[in-house]
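Notes follow the structure.
Quick note on labels: first sequence line is chain A, next is B, and so on, each numbered from 1. As the structure is a computational prediction, the values presented were derived from the model and not from experiment.
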Amino acid sequence: MVDDYFGRDAVTVARAMIGATLLVDGTGGVIVETEAYSRDDPASHSYSGESRRNRSMFGPAGRAYIYRSYGIHWCLNVVCGAPPGGHAVLIRAIEPIAGIDLMRRRRGCEAIDRLCSGPGRLGQALGIGPLHDGLELAEAPFSFRPPVAAAPIIAGPRIGITRGADRPWRFGLAASPFLSRPFPAEV
DNA sequence: GGTATGATTGACT
DNA sequence: GTCAATCATACCA
């Protein structure tokens with residue numbers, strides 16, 4: 001089940017995760033924005049091979065890869081693809097559904113459309129930290145449920161990268177108010 | 001050994 | 001629009 005879903009290539013998994021439900025210790029909601037990163041992708045942390053930081057990316061699919069962004073934020077990825085690995089999907093935005101009050105306190109923010117809209121904000125709202133690195137999404141404290149029905153998906157270039165910027169590997173739930181930023185097509 | 005860069009965000013002009 | 005916060009990693013000497 002886990003391999004059938006997360007064992008596919010990063011782009012396929014990134015699209016398939018739009019509309020899925022993700023909870024961490026009972027906080028979270030519906031995934032509305034993702035980005036794909038692959039082993040031979042200049043923008044990927046795995047591009048230069050395995051290191052201390054990215055070792056989770058080279059482990060089994062279906063586990064979390066957590067990294068520190070700009071020395072400040074914790075960002076959540078899901079490892080995917082087949083061995084030897086190096087592929088992952090960055091979760092960039094979630095529509096808050098569960099544990100909203102707790103997420104507001106963690107974020108120090110009232111606006112619901114800024115609670116989990118952005119990889120750093122999402123990590124803070126869900127209480128993500130280095131202890132989650134390498135954990136299975138199918139087991140506590142995580143809870144992952146694939147989409148019930150097919151979601152209308154929009155694609156565009158990934159955000160905040162310089163190399164590999166031409167790959168349209170950012171995916172979102174069309175017209176969602178909870179995207180971290182609008183897609184070029186809907187500006 | 002030193003230094004520049006980044007899958008970001010929030011505050012400020 | 002600009003810029004600081006803050007640190008692991010990459011790259012160069």
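Nucleotides of DNA chain B lying under 4.0 Å from heavy atoms of chain A occupy a range whose first and last members, 5' to 3', are dG6(B) to dG10(B).
P96(A) approaches L115(A) most closely through the heavy-atom pair CG-CB, 4.1 Å. Considering every non-hydrogen atom in both I161(A) and A43(A), the closest pair reads CD1-CB, 3.9 Å.
Here SG of C109(A) is found 9.0 Å from CD of Q124(A). Values are rounded to the nearest 0.5 Å. Between the CG atom in D25(A) and the CG atom in L126(A) there is a gap of 9.0 Å [rounded to 0.5 Å]. We find the CD1-CG distance between I91(A) and L22(A) to be 5.0 Å, quoted to the nearest 0.5 Å. With values rounded to the nearest 0.5 angstrom, M57(A) atom CE is found 3.5 Å from S44(A) atom OG.
Applying ring pair (Phe, Tyr, Trp, His ring centres under 6.0 Å) to H45(A) and the options Y37(A), Y67(A), F58(A) leaves one that passes, Y67(A). Evaluated for a salt bridge (charged side-chain N to carboxylate O under 4.0 Å, His left out) with E33(A), the options R181(A), R170(A), R158(A) yield exactly one hit, R170(A).
Across all strands, S51(A) comes closer than 4.0 Å to no nucleic acid atom at all (heavy-atom distances). At the heavy-atom level, R53(A) lies under 4.0 Å from the strands shown only through sugar-phosphate atoms.
The aromatic rings of F6(A) and F144(A) are tilted relative to each other, their planes meeting at an angle between 30° and 60°.
There is a side-chain donor-acceptor pair under 3.5 Å between D40(A) and S38(A). A donor and an acceptor atom, one from each side chain of S180(A) and R92(A), are located under 3.5 Å apart.
Under the 4.5 Å side-chain heavy-atom criterion for grouping Ile, Leu, Val, Met, Phe, Trp and Tyr, L90(A) is not connected to V24(A) through any hydrophobic cluster.
Note on R55(A) versus D133(A): salt bridge recorded, some NZ/NE/NH1/NH2 to OD/OE distance being below 4.0 Å.
For the salt bridge (Lys or Arg N to Asp or Glu O under 4.0 Å) condition, the pairs that include at least one residue of residues 105-120 of chain A, sequence neighbours left out, are R104(A)-E110(A).
Across the protein-nucleic acid pair, R52(A) atom CZ and dC7(C) atom P stand 16 Å apart, rounded to whole Å.
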S117(A) and L179(A): side chain to side chain contact (heavy atoms under 4.5 Å, CB included), yes or no, with the steps?
-> CA-CA 6 Å; S117(A) 296; L179(A) 298 174; over 6 Å; no
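If you check residues 60-79 of chain A against DNA chain C, the residues with a heavy atom closer than 4.0 Å are R68(A), Y70(A), G71(A), I72(A), listed by number. Taking every heavy atom of residues 98-136 of chain A and every atom of DNA chain C, no pair lies under 4.0 Å. If you check residues 34-45 of chain A against DNA chain B, the residues with a heavy atom closer than 4.0 Å are Y37(A), A43(A), H45(A), listed by number.
Across dA8(C) and dG10(B), the matching C1' atoms stand 22 Å from one another, rounded to whole Å.
In DNA chain C, stems built from 3 or more consecutive Watson-Crick or G-U wobble pairs, each with both distances under 3.5 Å, span B:1-6 with C:7-12, B:8-12 with C:1-5.
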